[in-house]
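Residue numbers begin at 1 in each chain, while the letters A, B, ... track the order of the sequences.
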Amino acid sequence: MSVLKPDSKTRISLYYAIALFLGLNIPFADSQQLQTDGVSEHVYGGLPSSNNLSIRSAYVLDYNSARKAPWWVAYRLDNNYRRTPKRTGKWKTYRNDPDRTDEPSENDYSGVYSDPIRNYARGHLAPYMICGGDRDGDGMILDADRDGKVEEGDDIDEAITVKEINYHTNLTPQHHNAFNGSGGTWYQIENRVRVLQEEHGEVWVLAGPIFGPSTYDEIGNGVQVAPMFFQIIVWEKLDEPHWEAYMLPHHQKAHQSIEEHRVSIRHIEAMTGLDFFPDLALSEKERISTY
DNA sequence: CTGGGATGC
DNA sequence: GCATCCCAG
């Protein structure tokens, strides 16, 4: 990744047009439109790819139909969005994505958790803990401190944010006890996201699977299991972007220190074919080769 | 809806 | 004890 491509300006305009088009079709029940478009809200430095974009209230993803998994998921996180309703009742229910017909389903996950070798749980790529806050700017949120029921003073408009976080398009099979659950490397990265957000106020995260040219494991009706995952956490300090990038082996002994899995962003580009931060200036872009 | 497993503060 | 990631019945 040495130079910006000559056509990058044209490409950015195209992305923006797509984003605007999709953004205008976000199904916010009775709510106001978001004040900012979803791409600039959630994706730092430009889209890594744009095959089948879904622009949601709390995140943006590009869906890979062939593997039934996202290419990547992006979200911005601040204190506001951390005010998440308690994950109970209808707020914890996994849902079909109304905009897709080729996503993983409930049945695809049948039996794979109890299988001691697989032990796959539905791992959120954009995690549940980011789906809170006052997104429509009306001064109300879904209350995080009570019991999950909608009560007087709660903002039911924000329910869509929670529903979307639980769409099957945002979930991939992940080893539960070894990887996704507490102590696993994925869980530790999510803790790192929390720490960096508290330290810097806001962070941007890119997360996704890493597939090779072949397949690793498959569940249900063609839902491919990723052999590795990546996460990139970005924050700004004195208007300069900083980041930590991780490449995580997805296996049954995934409890190592996350520090062992630090890589450059260029490593992740090489393994995924994605182009991270295409809008950043060349001087910033060059830094992705190092960390 | 209430039960559980696992880890880490 | 608290929290978080999940699951089963």
Side-chain angles (χ1 to χ4, degrees), chain A residues 58-59 61 69-70 73 75 77-96 103-133 141-151 159 161-199 203 205 207-209 217 219-220 223 225-226 228-231 233 246 248-261:
Chain A
Y59 64 92
L61 68 75
V73 173
Y75 61 92
L77 183 60
D78 61 15
N79 284 326
N80 182 30
Y81 300 163
R82 288 277 297 274
R83 297 189 292 167
T84 310
K86 195 174 173 189
R87 192 175 171 185
T88 181
K90 60 178 156 184
W91 311 124
K92 68 176 291 188
T93 306
Y94 299 115
R95 296 168 190 279
N96 294 322
E103 57 172 341
S105 72
E106 197 77 27
N107 281 347
D108 291 328
Y109 283 87
S110 172
V112 296
Y113 182 83
S114 305
D115 182 324
I117 301 298
R118 287 169 145 176
N119 186 223
Y120 294 144
R122 277 166 282 201
H124 282 84
L125 291 185
Y128 183 83
M129 59 112 170
I130 71 160
C131 74
I141 62 165
L142 279 174
D143 197 314
D145 299 326
R146 290 179 294 199
D147 56 7
K149 287 180 182 158
V150 177
E151 298 175 4
T161 312
V162 185
K163 284 183 181 175
E164 288 173 349
I165 210 78
N166 289 328
Y167 284 172
H168 271 109
T169 34
N170 183 41
L171 307 168
T172 63
Q174 292 185 334
H175 292 301
H176 181 62
N177 290 327
F179 189 76
N180 171 281
S182 60
T185 42
W186 187 263
Y187 181 89
Q188 290 182 58
I189 297 289
E190 289 183 346
N191 283 338
R192 186 66 182 150
V193 170
R194 281 185 264 266
V195 167
L196 288 170
Q197 185 273 316
E198 286 157 18
E199 205 173 319
V203 295
V205 179
D217 190 15
I219 63 169
V223 180
V225 180
M228 303 191 78
F229 287 87
F230 71 86
Q231 294 230 35
I233 311 163
Y246 296 90
L248 309 170
H250 181 216
H251 55 48
Q252 286 279 29
K253 297 192 185 300
H255 277 78
Q256 302 92 333
S257 159
I258 59 172
E259 188 58 33
E260 303 299 314
H261 301 301

Between CH2 of A/Trp186 and P of C/dC6 the distance, given in whole Å, is 10 Å

- prompt: Is the gap between the ring centers of A/Tyr94 and A/Tyr109 under 6.0 Å?
  reply: no

From the list A/Asn170, A/Thr169, A/Leu61, side chain to side chain contact (heavy atoms under 4.5 Å, CB included) with A/Leu125 holds only for A/Asn170

Side-chain contact check for A/His176: nearest option of C/dC6, B/dA6, C/dC7 is C/dC6

Worksheet entry | Any A/Asn180 side-chain N or O less than 4.0 Å from OP1/OP2 of C/dC6 | yes

Which label fits A/His176 and A/Tyr113: parallel for a plane angle under 30°, tilted from 30 to 60°, or perpendicular past 60°? tilted

Taking only N and O in the side chain of A/His124, is any of them less than 4.0 Å away from OP1 or OP2 of C/dC6?
-> yes

From the candidates C/dC5, B/dA6, C/dC7, the one with an atom nearest any side-chain atom of A/Asn177 is B/dA6

inquiry  = Just to be sure I understand the rule, does A/Ser114 reach a base, reach only the sugar-phosphate, or reach nothing, if contact means heavy atoms closer than 4.0 Å?
reply    = sugar-phosphate

Whole-Å distance, A/Ile258 CD1 to C/dC5 P, equals 16 Å

In whole angstroms, the gap separating P of C/dC6 from CG of A/Asn119 amounts to 13 Å

Discussion item. If the threshold is 4.0 Å, N to carboxylate O, is there a salt bridge linking A/Glu106 and A/Arg122?
Written reply: yes

Aromatic ring proximity A/His175/A/Tyr120, centre distance under 6.0 Å = yes

**Q.** Short side-chain N/O contact to C/dC6 OP1/OP2 from A/Ser182, under 4.0 Å
**A.** no

* Would you indicate what A/Tyr94 reaches in the nucleic acid, counting non-hydrogen atoms under 4.0 angstrom: base, sugar-phosphate, or nothing? => sugar-phosphate

Q. What nucleic acid atoms does A/Gly123 come within less than 4.0 Å of, heavy atoms only: base, sugar-phosphate, or nothing?
A. sugar-phosphate

- Task: Would you classify A/Glu190 as touching base, sugar-phosphate or nothing, given that sugar-phosphate means primed atoms plus P, OP1 and OP2, and contacts are heavy atoms under 4.0 Å?
- Result: sugar-phosphate

From CZ of A/Phe179 across to P of C/dC6 the rounded distance in Å is 12 Å

To the nearest angstrom, the CG-P distance between A/Asn191 and B/dC9 comes to 9 Å

Rounded to whole Å, the CD-P distance (A/Gln256 to B/dT7) equals 14 Å

note: A/Tyr187, atom OH; B/dG5, atom P; distance rounded to Å ~ 17 Å

Rounded to whole Å, the CD1-C1' distance (A/Ile130 to C/dT4) equals 15 Å

**Asked** Has A/Arg87 got a side-chain N or O lying under 4.0 Å from the OP1 or OP2 atom of C/dC6?
**Response** yes

